[in-house]
J.: 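Structure below; questions to follow.
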Amino acid sequence: MNLDNCPRCGKLFAKNFRDVCPVCIRDIDKEYQLCADYLREHKGAIISELSDQTGVSIKQITKFIREGRISMVNAPNMSYPCESCGTLIRENHLCDSCRSRLVKDARRMTQNEGKNTESDKLKPTDVAYRGLNQYKDR
Ligand SMILES: [Zn+2]
Ligand SMILES: [Zn+2]
């Protein structure tokens with residue numbers, strides 16, 4: 001049996017496919033149910049309202065959206081914070097300005113590495129776009 005600390009409550013538990021302990025799974029499912037119920041009756045809710053009304057953290061709601069458990073198709077005003085700056089967005093993990101910054105950073109990083117990465121034939125832009133595609137594919 002594979003034991004690990006639950007990232008949510010810190011307790012030791014036998015690893016499972018959800019990566020949190022059974023108690024937390026139940027909590028998270030309960031939180032999801034609260035959100036789903038609220039959204040069914042308030043389709044135009046925004047994320048801060050949903051969080052206030054259900055007591056579920058914005059971070060957890062963001063997770064539900066990313067996992068596809070909460071569908072934004074049925075919640076036209078729903079959005080979630082950019083992972084970097086917190087601006088509310090509806091797609092990808094980052095807002096447009098953070099994404100373009102990421103591209104720039106990746107380019108600069110590759111240039112700095114210069115000598116050490118001669119075996120790496122990728123152009124800086126390739127690296128940046130690979131990063132972006134990872135976000136898109138989820
Ligand atoms: Zn736990
Ligand atoms: Zn941002």
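In listed order, ligands and their atoms are each counted from 1.
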J.: Are S51 and V56 close enough, and set up right, to give a side chain to side chain contact (heavy atoms under 4.5 Å, CB included), and what steps lead you there?
T.: CA-CA 5 Å; S51 173; V56 179; 5.7 Å; no
J.: Is any NZ, NE, NH1 or NH2 atom of the basic residue among E31 and R8 found under 4.0 Å from an Asp or Glu carboxylate oxygen of the other?
T.: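 Salt bridge between E31 and R8, a charged N being under 4.0 Å from a carboxylate O: yes.
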J.: Does a donor on one side chain and an acceptor on the other come within less than 3.5 Å for Q60 and Y32?
T.: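 No.
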J.: Between R90 (side chain) and P76 (backbone), is there a donor-acceptor pair under 3.5 Å?
T.: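 The answer is yes, because a donor-acceptor pair under 3.5 Å joins these two groups.
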J.: Protein N/O/S atoms under 2.8 Å of the Zn ion (ligand 2)?
T.: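 You should have found C82 SG, C85 SG, C95 SG, C98 SG.
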J.: Should R18 and E67 count as an ion pair when the cut-off is N to O under 4.0 Å?
T.: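 Answer for the salt bridge query: no.
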J.: Tell me how many protein N, O or S atoms are closer than 2.8 Å to the Zn ion (ligand 1).
T.: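 Protein heteroatoms (N, O, S) closer than 2.8 Å to the Zn ion (ligand 1) number 4.
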J.: Run S79 and M72 through side chain to side chain contact (heavy atoms under 4.5 Å, CB included) and show every step you take.
T.: CA-CA 8 Å; S79 50; M72 301 215 295; 5.5 Å; no
J.: One thing to verify: whether D29 and R26 come together as a salt bridge, which I'm taking to mean a side-chain N less than 4.0 angstrom from a carboxylate O.
T.: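 D29 and R26: not salt-bridged.
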J.: Show, in sequence, the C-alpha distance, side-chain angles and deciding distance for R40 and D37, and conclude whether the side chain to side chain contact (heavy atoms under 4.5 Å, CB included) test is met.
T.: CA-CA 5 Å; R40 204 172 306 130; D37 287 348; 3.4 Å; yes
J.: Run L34 and Q53 through side chain to side chain contact (heavy atoms under 4.5 Å, CB included) and show every step you take.
T.: CA-CA 9 Å; L34 280 171; Q53 297 298 317; over 6 Å; no
